[in-house]
> 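Mind having a look at this structure? Questions to follow.
These numbers come from the heavy atoms of this one structure, side chains and all, not from hydrogens, waters or symmetry mates. Below, read A as the first sequence line, B as the second, and so on, with proteins coming before strands; counting in each chain starts at 1.
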Amino acid sequence: MKISKDAVRHVAELARLEFKEDELERFSEQLGNILEYMEKLNEIDTASIEPTFHVLGLSTPLREDVVKPWLSLDEALENAPEKEEGFFTVPKFIED
Amino acid sequence: MEYEAVIGLEVHAQLLTDSKIFCSCSTKFGGKPNTQVCPICLGMPGVLPVLNKKALEYAIRAALAANCEVSPKSRFARKNYFYPDLPKGYQISQYEEPLSTDGRLEIKSNGSNKRIRIKRIHLEEDAGKLIHEYSQNWSYVDLNRAGVPLIEIVSEPDISSSDDAVTYLKKLRSILMYIGVCDGNMEEGSLRCDANVSVRPKGSKDLGTKAEVKNVNSFKFVQKALEYEIRRQISVLESGGRVLQETRLFDSNQGVTFSMRSKEEAHDYRYFPDPDLLPVFVDGKWVEEIRESLPELPDVRLERFIKEYELPPYDAEILTASKEVAEYFEECLKHYDKPKTVSNWIMTDVLRELKGEEEGIKTFPVTPERLTELIKLIDDGTISGKIAKDVFSEMVSTKKGAGEIVSQKGIKQISDQAEIEIIISQVIEKNQDEASRYRAGQEKLIGFFVGEVMKATQGKANPKLVNETLRKKLKET
């Protein structure tokens, strides 16, 4: 099974990844193989089984609604590649 | 051809919690940028979200108030897209298995009741805020809002006009404020509205292609944006064109919607269950406890006001539209027992002073006690109804009580028969000509005389007494 190069290109675009032509070729083959392997699951009849998203039968833990400060402004911005006057800054991306 | 609009609304309401939905950062509005953030809402690697119990409780409250079924089990999902206001690259929302489904609200449409079905109410986190105006080449990102708890309330496409859309929105806002889960502040973005709009030939069963009009943030703009969008789609169809499925934004300055063509926009969110969050099991007992704790909702209160206080439906509707106004009204009745009189004062004078900010009634200088004190001064003849209006304005600006203002300004009504008779004699003396014309049958001149007496007393004379005495005196001479 092979998935189309267009499909690979689409998924790559959604993930903001850029690939060369030969990479697209390779990935369409490899991703196809992975999906084919997953197809094995379809050999089992799961019609009456609830999908397992979690193996624990637990409900999500809840926290009380209490404010606890954690980071200072400097710490929050510490790893930002671009910042200005307390803001993260990013290249402008809207068209005026 | 005649067309009809088909509208569904998606309303995002910010829940009134102190901390964010999955971390303990403050949700306070207006803080210094990026000072209410932590590794969790900044999307740092290795952190885990933990659901805020109050956010869940408030979402259930809203679901119950909107007559939804609360699911015993729901799940969070990741909505994946890249945008600089979304640090993780996905928004935690609910997709399959939302918290609640199948609700409804009743609205008044052209005088009759109309049911708007609610498809679902689910929990999700808000994104950050982007500021584009600070620089030519850079956008500024403030992530204080990232992770603030929201509920999304999705209606079925049961709305067919911009008027109904606004009525539904007002009703929804009123309910959310009644149950105390949202402050309803549209200016600060606590309540935001996206509209899915399509048009079709009237009577047709098929749906037309819809456009989504995003982020319209006041009732007035919702009205205008929808009116424009409906007109636009009809004219596209009439000129033989096709409506495109797209996202449009509303330009409030020009009153038009325009296509949002952003190259960053991807409409493939690849939702999947968030592996960091376990399913939410909601205990039926807890749901019942929350249901028990719900206050009287606007519809029920409206009916009660009509029955219990014998108010006209129009009055009851205005008084119950806001929880605060309804409470103010009932507080007044503890001090004074003529509901319609109180209603008149609230609907005209009090609401005019509040200028559409009904919640401001809580800090309004004319408290229920003071308003009823003023009304009692009219009843016992201390001041006239007309003077009372001036005293009311004075009470608003000086924050003083009615009695105090009346005695300070010496505007106590003149109800003394002898005093009024003297003034009337003087007025008749000065206007002999008019007096003889009155006696000759021009009875309309009574108004002129009343006016003169009022002028002479700076409006302080008891109008009823003036009228009676004038008629008597004019006949005498």
> Please check if the side chain of A:D65 supplies one atom and the backbone of B:T17 the other of a donor-acceptor pair under 3.5 Å.
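Here the side-chain-to-backbone pair does not exist.
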> With a 4.5 angstrom heavy-atom cut-off, could you sort out which part of B:F22 is near chain A: side chain, backbone, both or neither?
backbone
> In Å, rounded to the nearest 0.5 Å, how long is the span from CD of A:E84 to OH of B:Y140?
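Atom-to-atom, A:E84:CD and B:Y140:OH are 4.0 Å apart.
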> Sequence neighbours left out, what passes salt bridge (charged side-chain N to carboxylate O under 4.0 Å, His left out) with B:D194? Give chain and number order.
B:K214
> Within the structure provided, determine whether B:Y134 and A:F87 are in side-chain contact (heavy-atom separation under 4.5 Å).
yes
> Name the region of B:N137, side chain, backbone, both or neither, that has any atom closer than 4.5 Å to a heavy atom of chain A.
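For B:N137, backbone heavy atoms alone lie under 4.5 Å from chain A.
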> Does anything in residues 51-61 of chain B get under 4.5 Å of chain A by heavy atoms, and if so which residues?
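Residues in range: B:L51, B:N52, B:K53, B:K54, B:L56.
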> Please say whether more than 12 non-hydrogen atoms of neighbouring residues, nucleotides or ligands are located less than 6.0 Å from OH in B:Y95.
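At most 12 heavy atoms, drawn from other residues, nucleotides or ligands, come within 6.0 Å of this atom.
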> How long is the gap from CD on A:E85 to OG on B:S135, to the nearest 0.5 Å?
10.0 Å
> Does NZ belonging to B:K129 count more than 12 external heavy atoms closer than 6.0 Å?
no
> Measure distances from B:D283 to the heavy atoms of chain A and classify the residue's part below 4.5 Å as side chain, backbone, both or neither.
neither
> Any side-chain to backbone donor/acceptor pair from B:D18 onto A:V66? Under 3.5 Å, distance only.
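Checked: no pair found.
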> Salt bridge check, B:K73 against A:E50: does any charged N sit closer than 4.0 Å to a carboxylate O?
yes
> Check each atom of A:E13 against the heavy atoms of chain B and say whether the ones under 4.5 Å are side chain, backbone, both or neither.
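Neither; nothing under 4.5 Å.
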> At a 4.5 Å cut-off on heavy atoms, which part of B:K28 comes close to chain A: side chain, backbone, both, or neither?
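Neither part.
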> Taking all heavy atoms of B:S19 and all of A:R63, pick out the closest pair and write down the distance.
OG-NH2, 2.6 Å
> If you count heavy atoms of other groups shown closer than 6.0 angstrom to CD of B:E69, is the number above 12?
no
> For side-chain contact (heavy atoms from CB on, under 4.5 Å), just list the numbers for B:H132 and A:K92, CA-CA rounded to whole Å, side-chain angles, deciding distance to a tenth of an Å, and then say yes or no.
CA-CA 7 Å; B:H132 303 294; A:K92 208 168 205 171; 3.7 Å; yes
> May I ask you to decide if B:F281's main-chain N or O and A:S59's side chain share a donor-acceptor pair within less than 3.5 Å?
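Yes: the side chain of A:S59 pairs with the backbone of B:F281.
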> From A:T60 OG1 over to B:L277 CG, what is the distance, rounded to the nearest 0.5 angstrom?
5.0 Å
> In residues 40-49 of chain B, which residues are in contact with chain A at a heavy-atom separation under 4.5 Å?
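Listed by number: B:I40, B:L42.
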> If I take atom OH from residue B:Y81 and atom CG from residue A:L14, how far apart are they, to the nearest 0.5 angstrom?
14.0 Å
> With respect to chain A, which residue among B:P84, B:P275, B:P39 yields the maximal number of heavy-atom pairs within a distance under 4.5 Å?
B:P39
> Hey, are the side chains of A:V67 and B:S24 touching, using non-hydrogen atoms and a 4.5 Å cut-off?
no
> Specify which of B:P279, B:C38, B:S26 makes the most heavy-atom pairs with chain A at under 4.5 Å.
B:P279
> Which atoms of B:I21 are under 4.5 Å from chain A, going by heavy atoms: the side chain, the backbone, both sets, or neither?
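Contact with chain A involves the backbone of B:I21 alone.
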> Does any non-hydrogen side-chain atom of B:R75 lie less than 4.5 Å from one of A:F53?
yes
> I'd like to check the salt bridge (charged side-chain N to carboxylate O under 4.0 Å, His left out) partners of B:E288; sequence neighbours left out, ordered by chain and number.
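Applying salt bridge (charged side-chain N to carboxylate O under 4.0 Å, His left out) to B:E288 gives B:R291.
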> Answer yes or no: is there a side-chain heavy-atom contact under 4.5 Å between A:W70 and B:C25?
no
